[in-house]
Visitor: 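Take a look at this one; I'll ask things after.
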Protein chains: 2
Amino acid sequence: MMLTKNSPAAACAPGTPAGIIADAEAQALAQSLKAIADPARLKLLSIISAQDRGEACVCDLTEPLGLGQPTVSHHLKILVEAGLLTREKRGTWAYYTVIPDALRVIVERVTAL
Amino acid sequence: MMLTKNSPAAACAPGTPAGIIADAEAQALAQSLKAIADPARLKLLSIISAQDRGEACVCDLTEPLGLGQPTVSHHLKILVEAGLLTREKRGTWAYYTVIPDALRVIVERVTAL
DNA sequence: TGGATACATCGACGCTTGTCAATATAGAGA
DNA sequence: TCTCTATATTGACAAGCGTCGATGTATCCA
């Protein structure tokens with residue numbers, strides 16, 4: 001049941017019974033999941049990580065998604081703010097890369113439910 | 001549909017390049033993730049699976065969530081329709097149970113991105 | 001210097017979502 | 001039967017989200 005008083009920073013809120021996810025962690029995990037819970041953003045993650053260099057600029061992404069450039073930029077921003085992508089500006093272009101274990105961390109917190 | 005040349009049932013749509021998630025699968029996976037991407041529903045999954053019998057009725061859930069009964073019923077319905085919970089009516093009560101590997105299936109599709 | 005290109009931001013629009021109060025349904029017990 | 005209890009459904013509302021067109025910003029090149 002994990003009554004651990006010594007556990008890592010994970011999930012220990014005042015009134016939360018043992019083994020049940022704390023309010024704050026539920027909130028945080030939900031927000032991470034919301035970042036992925038969109039077809040366009042799933043395709044973005046898939047396309048970028050399938051790229052040869054592991055990176056892609058906006059102009060590579062707008063066409064396979066069938067969305068306008070502002071919309072793609074908007075989705076990329078959400079993924080960056082969720083800690084799933086990095087953005088690197090080189091010249092006129094902005095290159096986006098998938099942060100290796102970011103998805104795995106989210107997935108593990110879900111599995112631990 | 002199923003234009004599959006030879007690959008497993010996974011992800012092969014007409015115009016979709018190899019290794020990139022198909023439109024339909026992105027749509028489906030996003031919908032599954034939306035079902036989990038809510039603090040109240042994460043807590044529901046956590047609380048129910050932490051129960052002794054592995055099951056809980058609505059009256060057990062409304063108080064630890066701090067939400068009204070109709071709202072809890074609403075969230076439970078979403079989880080049932082997403083294939084994450086089962087509902088069994090016994091007498092006046094409705095008992096909800098977590099479907100064992102439902103979360104794992106979702107998680108694996110995410111990891112395969 | 002000026003124009004062209006790649007990207008970000010803004011404002012607006014419809015659609016979805018989370019929540020509640022009120023009401024409906026259905027089973028248990030008198 | 002009638003009443004009480006547990007749950008589901010409905011209707012309404014505010015807030016959030018996805019999308020677009022228009023505009024702003026920054027970099028490159030002639």
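Bear in mind that the values here come from a model prediction, so they are computed numbers and not experimental data.
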Visitor: Take the protein atom CG of D60(B) and the nucleotide atom P of dA6(D), then report the distance between them rounded to whole Å.
Guide: 11 Å

Visitor: For I78(A) and dA8(C), give me the distance from atom CD1 to atom P, rounded to whole Å.
Guide: 13 Å

Visitor: Quick one: does any side-chain atom of D101(B) pair with a main-chain N or O of R104(B) as donor and acceptor, under 3.5 Å?
Guide: no

Visitor: Starting from C1' on dT17(C), measure out to CG on L79(B) and report it in whole angstrom.
Guide: 14 Å

Visitor: Drop me the distance from L44(A)'s CG to L65(A)'s CG, to the nearest 0.5 angstrom.
Guide: 4.5 Å

Visitor: Quick one: on DNA chain D, does G66(A) or K34(A) contact a more 5' nucleotide (nearest heavy atom)?
Guide: K34(A)

Visitor: In whole Å, what is the span from the CG atom of L85(A) to the P atom of dA8(C)?
Guide: 12 Å

Visitor: Please figure out whether D38(A) or C59(B) has its closest DNA chain D nucleotide nearer the 5' end.
Guide: C59(B)

Visitor: Give the intermediate values and the outcome of side chain to side chain contact (heavy atoms under 4.5 Å, CB included) for residues L84(A) and I78(A).
Guide: CA-CA 9 Å; L84(A) 291 161; I78(A) 290 178; over 6 Å; no

Visitor: Please determine whether the number of non-hydrogen atoms from other residues, nucleotides or ligands lying under 6.0 Å from atom CD of E88(B) exceeds 12.
Guide: yes

Visitor: In whole Å, I'd like the distance from the NZ atom of K43(B) to the C1' atom of dT19(C).
Guide: 16 Å

Visitor: Using a strict 4.0 Å threshold on nitrogen-to-oxygen distance, state whether E55(B) and R87(B) make a salt bridge.
Guide: no

Visitor: Consider the side chain of C57(A), meaning its heavy atoms from C-beta on, and name the nucleotide among dA28(C), dC7(C), dC20(D) that approaches it most closely.
Guide: dC7(C)

Visitor: Sub-3.5 Å donor-acceptor pair from the side chain of R90(A) to the main-chain atoms of Y95(A), do we have one?
Guide: no

Visitor: Within the distance-only criterion (no hydrogens, no angle test), does the side chain of S32(A) pair as donor or acceptor with the backbone N or O of I106(A) below 3.5 angstrom?
Guide: no

Visitor: For the helix from dT1(C)-dA30(D) to dA30(C)-dT1(D), figure out the bend between the end axes, five pairs an end, and round to 10 degrees.
Guide: 10°

Visitor: Is the side chain of T62(B) donor-acceptor paired with the backbone N or O of L67(B) at a distance under 3.5 Å, no angle test?
Guide: yes

Visitor: Specify the separation, in whole Å, of atom NE2 of H75(A) and atom P of dG18(D).
Guide: 6 Å

Visitor: Please produce a list of atom pairs where a protein N or O lies less than 3.5 Å from an N or O of nucleotides 8-13 of chain D.
Guide:
unit_1 : atom_1 : unit_2 : atom_2 : d
dA8(D) : OP1    : R87(B) : NH1    : 2.5
dA8(D) : OP1    : Y96(B) : OH     : 2.5
dA8(D) : OP2    : S73(B) : OG     : 2.5
dA8(D) : N7     : Q69(B) : NE2    : 2.7
dA8(D) : N6     : Q69(B) : OE1    : 3.4

Visitor: Starting from P on dC28(D), measure out to CH2 on W93(A) and report it in whole angstrom.
Guide: 8 Å

Visitor: Under 4.0 Å, counting only non-hydrogen atoms across every strand here, what does R41(B) touch: a base, just sugar-phosphate, or nothing?
Guide: sugar-phosphate

Visitor: Rounded to the nearest Å, what distance is computed from the CD atom of residue E88(A) to the C1' atom of nucleotide dA6(C)?
Guide: 15 Å

Visitor: State whether the side chain of S49(A) and the backbone N or O of G54(A) hold a donor-acceptor pair below 3.5 Å, judged by distance alone.
Guide: no

